[in-house]
Novice: 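Questions regarding the structure given below will be posed in turn.
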There are 2 protein chains.
Amino acid sequence: MVSADTRPRRRADAERSITRIVSAARECLSRDPDATMEDIAKAAGVGRMTVYGHFRTRPGLVEAALAEALRAGELTLGSVDLTGDARQAMNRLLASSWSLVAESAALLSAAQRVLPEGRLRELHTGAADRVEQLIGRGQGDGVFRTDMPVTWLVNAVQYILHGAAEEIRLGRLDPAEASDVVTATVQSILAAPAHTGS
Amino acid sequence: MVSADTRPRRRADAERSITRIVSAARECLSRDPDATMEDIAKAAGVGRMTVYGHFRTRPGLVEAALAEALRAGELTLGSVDLTGDARQAMNRLLASSWSLVAESAALLSAAQRVLPEGRLRELHTGAADRVEQLIGRGQGDGVFRTDMPVTWLVNAVQYILHGAAEEIRLGRLDPAEASDVVTATVQSILAAPAHTGS
DNA sequence: TCTATCCCGTACGGGAATGTACGAGTTAAC
DNA sequence: GTTAACTCGTACATTCCCGTACGGGATAGA
């Protein structure tokens with residue numbers, strides 16, 4: 001927040017470089033959490049030193065990339081209608097954002113390794129909270145199960161998305177049917193049991 | 001397989017060291033896939049050089065640790081009764097092996113990074129196949145859903161187990177209730193829809 | 001045009017991890 | 001008790017990546 005305010009004078013090409021670098025960082029780190037500064041620089045089409053010109057350390061760049069991904073997430077999340085039937089709302093949410101969340105999983109793990117303990121959760125809270133609220137509302141309406149902690153349900157969904165991304169990356173899941181598979185799986189996890197059998 | 005056969009002469013203390021090293025490797029790599037040779041040596045209570053005396057390279061040690069974990073897995077898997085109702089069989093399977101599978105997740109990812117492409121799947125096939133067969137049988141019996149690829153179901157279960165391990169590690173899931181949560185979640189994913197709705 | 005900003009290559013230093021070499025002390029096995 | 005095997009410390013070479021320093025060249029912005 002400091003750099004953007006106290007440094008209002010920045011040349012247009014620098015702005016463009018930064019955009020490309022952060023974007024490249026997202027892409028690289030999402031594929032390999034151990035991606036090197038040079039890997040990222042190459043992907044951005046700039047020299048390694050140019051990267052250091054804008055981001056003094058690797059953690060700094062990782063955080064910027066994560067922040068960018070989260071901003072994009074917040075944006076799409078904010079544009080989704082979460083009212084009405086919680087199941088339908090969840091479907092809409094997944095339809096518009098599952099691939100984004102899934103692809104960011106590796107980036108998240110990269111951040112987890114280089115950022116101080118609380119920092120990640122601090123940044124990530126916004127997005128997770130909204131999902132948690134939706135699930136909570138669904139529980140209140142009786143359409144989602146209540147026999148498990150909400151935290152677990154939220155994270156179980158996360159892990160399914162992560163898994164779907166991995167399966168696609170490994171060529172074991174057809175990207176075309178991934179969306180349907182993910183929504184169906186998530187609905188199964190969240191659904192309230194039809195009857196209270198043993 | 002080679003070292004055990006062509007080198008029948010090994011002193012008892014060496015045998016003990018190897019056991020301790022492999023065991024320590026499992027433990028360390030399951031907590032941190034990037035665990036160092038020195039970390040492992042320290043955990044095993046031996047010097048780093050002793051480790052190199054038995055495993056020339058890190059990948060070699062990782063493979064040995066993975067093989068050990070898989071052997072343990074095969075052992076428990078083999079002792080589980082997989083006949084009868086597929087759902088019950090799955091519950092028995094999970095009850096006896098979910099924590100082992102879950103804890104080995106990090107080890108698996110460590111292996112994925114240092115072992116050549118096909119090697120991991122080659123080693124891991126045995127265990128995965130058995131789960132796949134059980135799910136396939138459940139589908140044939142009409143108790144498990146058939147609207148998704150079996151491969152996806154198998155891996156979705158994997159990812160749930162992985163997630164459960166992570167949640168426990170982060171203190172967000174009570175180990176005492178983890179078993180119930182896992183089995184219930186897995187059953188939800190696998191269950192055939194009660195009625196053929198829209 | 002002129003200047004401050006930015007691009008980017010080479011070069012260097014530091015740190016961490018892997019794997020090798022040597023060798024002295026210890027211990028199992030015969 | 002003798003020998004061969006094992007332990008394990010120090011020291012070293014190598015590699016990889018991070019981050020810094022310097023400086024020449026290109027370019028946006030006035």
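Just so you know, these numbers come straight off a predicted model, no measurement behind them. Note on naming: letters A, B, ... go to the chains in the order of the sequence lines (proteins, then strands), and numbering restarts at 1 for each one.
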Novice: Quick one: is dC18(D) close enough that its OP1 or OP2 comes under 4.0 Å of any side-chain N or O from Arg58(A)?
Specialist: yes

Novice: Is the shortest distance from a Lys or Arg side-chain nitrogen in Glu122(A) or Arg119(A) to a carboxylate oxygen in the other one below 4.0 Å?
Specialist: yes

Novice: Which nucleotide sits closest to the side chain of Asp13(A): dT20(D), dA28(D), dG9(D)?
Specialist: dA28(D)

Novice: Of all of residues 23-46 of chain B, which get a heavy atom below 4.0 angstrom from DNA chain C, listed by number?
Specialist: Thr36(B), Met37(B)

Novice: Specify the residue among Ala14(A) and Arg48(B) whose closest nucleotide of DNA chain C lies further upstream toward the 5′ end.
Specialist: Ala14(A)

Novice: Under 4.0 Å from OP1 or OP2 of dC7(C): is there any side-chain N or O of His54(A) that close?
Specialist: yes

Novice: Can you list, pair by pair, the side-chain donor-acceptor contacts under 3.5 Å of residues 19-26 of chain A, counting residues two or more places apart and other chains?
Specialist:
residue	atom	partner	partner atom	Å
Thr19(A)	OG1	Glu15(A)	O	3.0
Arg20(A)	NE	Ala44(A)	O	3.3
Arg20(A)	NH2	Ala44(A)	O	2.9
Arg26(A)	NH1	Glu68(A)	OE1	3.0

Novice: Determine all donor-acceptor pairs shorter than 3.5 Å in which one atom belongs to a side chain in residues 97-108 of chain A; sequence neighbours excluded.
Specialist:
residue	atom	partner	partner atom	Å
Ser97(A)	OG	Leu93(A)	O	2.8
Ser104(A)	OG	Leu100(A)	O	2.8

Novice: Using OP1 and OP2 only, check whether a side-chain N or O of Thr57(A) sits under 4.0 Å from dC18(D).
Specialist: no

Novice: Would you say the side-chain atoms of Arg92(A) pair up with the backbone N or O of Val80(A), donor to acceptor, closer than 3.5 Å?
Specialist: no

Novice: Side chains of Glu167(A) and Tyr159(B): any donor to acceptor distance under 3.5 Å?
Specialist: yes

Novice: Arg16(B) has an atom CZ; how far is it from atom P of dC6(D), in whole Å?
Specialist: 12 Å

